[in-house]
Amino acid sequence: MAERTVDSAAPARGAARPVVQAEAALVRHYRRLVRLAYVALPADRDRHSRVLAAHTAVQRALPSRWTRRSDPAAGGEDPVYAALRLRVLRDGLRPRPARRLLAPRVWGLRLFTPHGGEQDAALEQALAALDAPARAAFALRVVEGLTAPEAAEVLRHAGVEQVERALDAAAGVGAAEAEADLSAFDACAVRVQPTDLLTRRRKLTAVLLIGVLGLTTSAALLSGTATSTGTGTAPVASTTGPAPAPPVGAAADPARPVRVPADLWQHTARLDFTAWPARGDRREDAALLGRAMTAWERPGPQTRAEPGTDTAPPIAPPRLLYAGTVDGAVVVLLYDGQRLARYTDGRDGGLDLARADDSDVTTAGAVVLHRRGTSVRYLLAPWVEAAETRRIDRPDTPAQPLDHPDGLTPATPGGVLTDCRGATVLQLRSSPVVAEKHAFLLADLGGLVPAHLTYTPPPDRNQPARSPREATGPDALQAWARAGCTAPDGTPGVKQLNLWAFAVQPLPQNAGSASWVCLRADRWTGEGSAATAVLLPAAQGAQRTGGGPGRSCSRFEQDTVGWAWWRSPQGTEFLLVAGSRRVTRLTVKGPDWSADRPVPDHTLAVERPARGNVQVEGVLDGGTRIGPQH
C-alpha cells in the first residue's frame, strides 16, 4: 500500500504531527531524559523529591502545542530529541519551579535511586557544590557526551548567561568523580520503601480530628446563631470543650527543638548533620532542653566559640542531636543548619559553638561530646557502621575496634595531630546503605568537630592531576605517619587536612629516595593554609620547608615548588629542590652560584652549594614562573 500523504493545508492534522513525533521521541528517550534531569536538578533535596522532580520535568517537556524552532542539535542528533532536552534543561534551571498539579504523586512510599559505589558518592558531593548552570553543563558533557562547544550552544539556548563559567565549574569536578558509572543517578531504576507508618497514622488522625472539630464548631455556631435569633441572647463560647489541635509538625513547646525520624539518613541524599536523629537518655527532659535553648538564645560569659564562629542566637529552629549524661556531665547537642552548639549543664558548664555548615558524610561523621584531659567521648553519625581507633604514628599496627552503642563511644585517647607525639585518630566505615567499602579517618584537633584526613597520591605524568581520596590505604597511612606533625594548622575549626605527595626524588650517592609533600588545612570558614615538607629516608625523618596562608596546594592552585638543605650519609651537603608535575625547569640562585636546567623528573639536587639566601623558581610547561611557599 502506498504511503498516505499528509495535506499540509489541513491545520488540524498538520499541527498534530509534530506533537506525535515529540511524544514518540519522549517515550523512546524517556530514561535518558530523566537521568539528565536528575543530574541537573539541585542536590540539596532528598532523593525522593529529586526522583519525582526529574520525572515531572520530563513529562512537562511535552506541551499541548509543539512550536519547535531552531533548537540546537549536536552532530547527527535527532532535532526533536534536542528540543525536548532543551525544555527539560530550562525547567531544571528555573530558580523556583511553580507548583504543578499534574506532577507525579506518591502516597505512603519513599522512592530513592540505587546506591552506587564510592565514586558515585563522591560525584554526589561534588555536584552538590555546583550551581544550577554548572550542573546542567556537567549533565550535557558527561551524561549526554556533548563536546564543550556543543554544550555551550545548548546552554545559551536554555537561557544561561555565563556559559563559560558554567563549563569551567563543571570541568572542575575531579576525574575520579566524573568516571562514576552514574548507577546512583538513574531515576527510572528506583527502590521503594514505606514511609514512617506511625508518623503517617498520627498525621492522618490529626487531620481527621481537625476536620471533626471544624464540623463541630460550625454546628455549634449555627446552633448558637439560631438560639440568638430566637431569644435575643448572644452565644457564649464553651470553655470546657477540647482545644483546637496544633498544626501537624508544629512544636508544642517553644523549648522543644526539632527532631527528625531515626531512619531519615537512609532516605535522603543530604548526609550531613540535618540527617542526625535525636539520641541520649535525656532527650525527653523538657527542662534541660529549655536551659540549653535559653543558653544559645542568650549568649553570656560561659559561651565559647571556635575561631570564625558567630555567637548570635540560632538562625533557624535548632535540631536536637543528643541529650544525655556523659561521664557524669549532662550534655545537649543542637544544630541550626550552620553551627553546632554543645551545652553542658551545671555551674561549671556552658555553651560551645562551632561552624558545621556544608558538611558531608565524612565531616559530619563524629562530634566530640565530652573531653576530659586527653580523653574524648565521640558521638558518631547514624550511618557509621563500624568504628576503630589507630595511632597515626604506627601505620603498620592494626586498628582497634571501638564500641559505639547508640553512636556513643567510650573514652578514647585524643591528642592533637600536630604535636608529633602520636595522636589517636578515628577510622570509621559507612553503612553499605550509604556507600560500599567506604572508610575514612578523623583526627581530633581540640574542637567539637574532628578534621577529615585525606591523601592525594604522587602524580602520574601521563594522567591528569589526581583528586584527594580517603587516607586509609597503606601508602596514605605511611605518609601521614611521617608528615602529620608538619601540618600547617592543627587548631579547632579545621575541616579537612589533605596530604599531597607531589614529587618523588632519588637522593644522590644512592641514599634512597625522598618524597615531597604539600599539606593543606582547610577551615570551616573557607580560609586555608599549606606547608611543604620533604620526607627523607626513615632514619632522617621529615623536614618542613615552607608554608603560609592562601589557596596553595588546593584544586584552585595545583602548582608548587619546595626546597631543603640535606646532608648525605657520607657528609656531603646538597640543596634539594622539587616541583609538581607541571614544573619543567628549575632555577636556583645562591650568593655566588646558580643552577638553571630542565628537570624531566621535576627534581634537582645541587652539590656543595654555599649556604645563604637562596632564590628558587620553577617554570611551568606553559612558561609561567612560580616560587616556593613562604
Side-chain angles (χ1 to χ4, degrees), residues 196 198-199 202 249-265 271-300 302-306 309 311-357 359 364-372 375-384 387 402-412 447-450:
D196 189 333
L198 293 178
T199 300
R202 285 195 296 267
D253 184 343
R256 183 180 179 86
V258 178
R259 304 164 190 243
V260 302
D263 63 345
L264 175 64
W265 66 273
L271 286 177
D272 56 14
F273 289 111
T274 62
W276 278 40
R279 289 173 285 181
D281 58 357
R282 302 283 293 273
R283 60 183 180 273
E284 302 300 335
D285 189 333
L288 170 64
L289 300 182
R291 292 194 295 274
M293 297 281 281
T294 300
W296 196 354
E297 291 169 356
R298 303 172 186 173
Q302 291 182 303
T303 300
R304 300 169 292 270
E306 294 183 3
T309 305
T311 59
I315 62 173
R319 295 170 183 251
L320 176 63
L321 307 186
Y322 184 87
T325 305
V326 184
D327 294 337
V330 179
V331 180
V332 177
L333 185 65
L334 302 167
Y335 179 65
D336 72 344
Q338 296 286 329
R339 296 163 297 167
L340 286 169
R342 184 185 63 194
Y343 170 76
T344 305
D345 202 27
R347 179 180 301 177
D348 298 327
L351 188 73
D352 295 282
L353 296 170
R355 286 278 296 270
D357 49 317
S359 57
V367 172
V368 175
L369 269 189
H370 190 254
R371 186 183 302 275
R372 177 179 292 173
S375 296
V376 293
R377 299 280 300 272
Y378 295 100
L379 182 65
L380 307 183
W383 54 82
V384 172
L402 186 67
D403 292 333
H404 55 286
D406 203 24
L408 185 61
T409 71
T412 303
L448 265 67
V449 185

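For the numbers below, each heavy atom of this structure counts, side chains included, while hydrogens, waters and symmetry mates do not.
- Closest of all the heavy-atom pairs between Ala323 and Leu320 is CB-CD1, 4.2 Å.
- In this structure, Arg298 contributes its side chain and Ala295 its backbone to no donor-acceptor pair below 3.5 Å.
- For Asp336 (side chain) and Pro317 (main-chain N/O), no donor-acceptor pair under 3.5 Å exists by modelled atom type.
- Ser359 and Asp272 get closest at one heavy-atom pair: OG-CB, 3.0 Å.
- Panel note: side chain Gln302, backbone Leu351; no donor-acceptor pair is recorded below 3.5 Å.
- Without hydrogens or angle criteria, Tyr335 side chain to Gly337 main chain gives a donor-acceptor distance under 3.5 Å.
- Side-chain atoms of Arg342 come within 3.5 Å of backbone N or O of Val368 as a donor-acceptor pair.
- With respect to Arg259 and Glu284, a salt bridge is recorded, a charged nitrogen being found less than 4.0 Å from a carboxylate O.
- At least one donor-acceptor pair closer than 3.5 Å links the side chain of Arg319 to the backbone N or O of Thr274.
- A salt bridge links Asp357 to Arg355: at least one charged side-chain nitrogen sits closer than 4.0 Å to a carboxylate oxygen.
- Judged by distance alone, the side chain of Thr294 and the main-chain N or O of Gly290 form a donor-acceptor pair under 3.5 Å.
- For the pair Leu264/Pro277, no side-chain contact is recorded, criterion being any heavy-atom separation below 4.5 Å from C-beta on.
- Annotation for Ala411 and Ser375: closest pair CB-CB, 4.3 Å, computed over non-hydrogen atoms.
- Relative orientation of the Trp276 and Trp383 rings is perpendicular, given thresholds of 30° and 60° on the angle between their planes.
- Nearest heavy-atom pair across Leu379 and Arg279 is CG-NH2, 3.8 Å.
- Between the side chain of Arg371 and the backbone N or O of Gly447 there is at least one donor-acceptor pair closer than 3.5 Å.
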